[in-house]
Number of protein chains: 2
Amino acid sequence: MASAETPSSPIVEGRLAQEFAAPSHVETVKGLMTEFAERHGSAGRRVVLVTSGGTKVPLESRTVRFLDNFSSGRRGATSAEYFLELGYAVVFLHRHRSLYPYTRRYAGVNLLDSLRLEDGTGTSCQVVADEQVLPNIGPVLKRYQEVKKGGLLLPVEFSTLSEYLHLLKAAAQALSTIGSKAMFYLAAAVSDFYIPPSEMPEHKIQSSNGPLQISMKMVPKMLRPLVKDWAPKAFVISFKLETNPSILLERARQALATYRHHAVIANVLDTRRGYVVVVTQDDQVELALTEEEMRQEVEIEERIVQNLFAAHTHFMTQQD
Amino acid sequence: MASAETPSSPIVEGRLAQEFAAPSHVETVKGLMTEFAERHGSAGRRVVLVTSGGTKVPLESRTVRFLDNFSSGRRGATSAEYFLELGYAVVFLHRHRSLYPYTRRYAGVNLLDSLRLEDGTGTSCQVVADEQVLPNIGPVLKRYQEVKKGGLLLPVEFSTLSEYLHLLKAAAQALSTIGSKAMFYLAAAVSDFYIPPSEMPEHKIQSSNGPLQISMKMVPKMLRPLVKDWAPKAFVISFKLETNPSILLERARQALATYRHHAVIANVLDTRRGYVVVVTQDDQVELALTEEEMRQEVEIEERIVQNLFAAHTHFMTQQD
């Protein structure tokens, strides 16, 4: 399937090394991820890499301006919780300050609005959580602390596209150590375009120079080396978000045909909270919430993760 | 000073009306800001509009991608606190999710890491703040609650450039009702470039179409009508951030000459936390923290606000 638009793995790897600066801590993080995967793999646990949030693409070397992608990280943070409920250990590769598992339930709450000053037993004054502002905080906090204490969630942060790409490669190689027990759930909204360092101005672009022309190159698709070289035994899921429903399934099928991975979760911007299609080589399954379920705040991520859990079980059996 | 690059007020106003969609709540917010300004003005209080955070510039009508400006909102949120300490009432026009006065001290803290489960007096379990994670939380919370109870801080949010521009105009007109007691402290990192609606694609740009060419127009400078028409009696401060120190003061002087406002706070990206220059028509004053002050976490915003407080006092005396 290789064509001008879908270069081979060595070309993608070459561009990654040459055109995207690796963050200085990538090897340290890779070590942590490898240890995490091996520890949980040995304990018979499956491990999923959940990527989440949008990537930042600098327009200047000393960056003031950047291109970004709309993404709160809700899909990734919510899915991570459901993976944990089903017994997975989770590497959560997420955009700095995007939504976080469990904490996401209180996104948008100003910390100081959620606390009350209360007279303590003696002369002391205690600061306590306001349950009106943080509904269900006791049980949520308890679950969060259990997950943390169990070492089941490994958070890794990125901001820029370069950081994301290098950390994704490191994560893929780390999780490849546990073969088919590894799943990749690539929900991050990764930029398709970037400016190579050689074409980037050093300083802030001056508005006095007149209108701005930006010329951006296409980002190499990491899905190819990920599936082919970095983690060839793993179960790999990508996402396809479009605003135009009429081209969605075609794009999803194209991606599957090109990268030969296992499923694409296809969704449309306006309806993504209540409707997705799980597209596989041989099949496509619609997952939809009813209006009643939406009212009861059922989350579509629960359905997506249940669907993939079953598919992953089947996949592991086949591989053995 | 009008030239091709600095169009007259009517032209700026015309472009604002035609090329930037007004948010639906702008009149409601304008009413709230007017009431706020008049209430505090009548009580003899000065009112400052602090703008803070970066603006989002959509690249598509159904937006997936956007251009953004680096800005955490630290400068604005910190300055707002010092204005409150000096007796100002503050309209805080800030980017959604950027740093917020008082709460900014705990930015980066995960809410669930800052809470502890504690056995209550009876069978109940209480959720309390962890002072290790939230240092000084008692006094900070107390001050936050006083400010809120006193109605001294009016928060107004924006995300896109269009929202910011229309809300800035509304704020300027609202604060003009109290004449020279109003200060504008324009610390937001506003985009210089945008794509007019007529040139914007409806749907998500397809990466399969090849490299991306973006052509952006210059944003009309609101400082001109703000100073000339919207709030002609107010004390107006703008900011100039550059990455290249060698052009900084020249740019600051150019802005003052063009817009005829009262001061430019000039700062360089790398050193902005410890050094700024307050540039006025007749003078320029350097404000710098010593290394010892940096270690003691003295904030340069305290110095900036003190400097402007004195200048505002002088300005008000001259106007009377």
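Just so we're on the same page: letters track the sequence lines, and every chain starts at 1. Values below: every heavy atom of this structure, side chains too, minus hydrogens, waters and symmetry copies.
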When the aromatic ring centroids of His94(B) and Phe158(B) are compared, is their separation below 6.0 Å? no
Chain B heavy atoms under 4.5 Å from Lys148(A): which part of the residue, side chain, backbone, both or neither? side chain
Against chain B, work out which of Val219(A), Val128(A), Thr103(A) has the most heavy-atom pairs shorter than 4.5 Å and name it. Thr103(A)
Would you say Arg74(B)'s side chain and Arg273(B)'s backbone share a donor-acceptor pair under 3.5 angstrom? no
Donor-acceptor check, side chain of Glu163(A) to backbone of Ser159(A), threshold 3.5 angstrom: yes or no? yes
Which answer fits Asp113(A), side chain, backbone, both or neither, if we ask what part of it has an atom under 4.5 Å from a heavy atom of chain B? both
Please identify, among Leu141(B), Leu241(B), Asn69(B), Leu111(B), the residue contributing the most non-hydrogen atom pairs under 4.5 Å to chain A. Leu141(B)
What part of Ser114(A) gets closer than 4.5 Å to chain B, counting heavy atoms only: side chain, backbone, both or neither? side chain
Okay, Tyr100(A) and chain B: the region with an atom under 4.5 Å from a heavy atom over there is side chain
Looking at Glu81(B) and Arg104(B), is any side-chain nitrogen of the basic one under 4.0 Å from a carboxylate oxygen of the acidic one? yes
Would Arg95(B) and Glu157(B) pass as an ion pair if we require N to O under 4.0 Å? no
Got a salt bridge between Glu85(B) and Arg143(B), using NZ or NE/NH1/NH2 to carboxylate O under 4.0 Å? yes
Is chain B contacted by the side chain of Ala189(A), its backbone, both, or neither, given a heavy-atom distance below 4.5 Å? neither
Between Val127(B), Leu112(B), Asp192(B), the one whose heavy-atom pairs under 4.5 Å with chain A are most numerous: Leu112(B)
Can you tell which of Glu131(A), Lys217(A), Arg97(A), His96(A) has the highest number of heavy-atom pairs within less than 4.5 Å of chain B? Arg97(A)
Okay, side chain of Gln213(A), backbone of Met216(B): is any donor-acceptor separation there less than 3.5 Å? no
Given the options Leu67(A), Asp68(A), Ile247(A), Val140(A), which has more heavy-atom pairs under 4.5 Å with chain B than any of the others? Asp68(A)
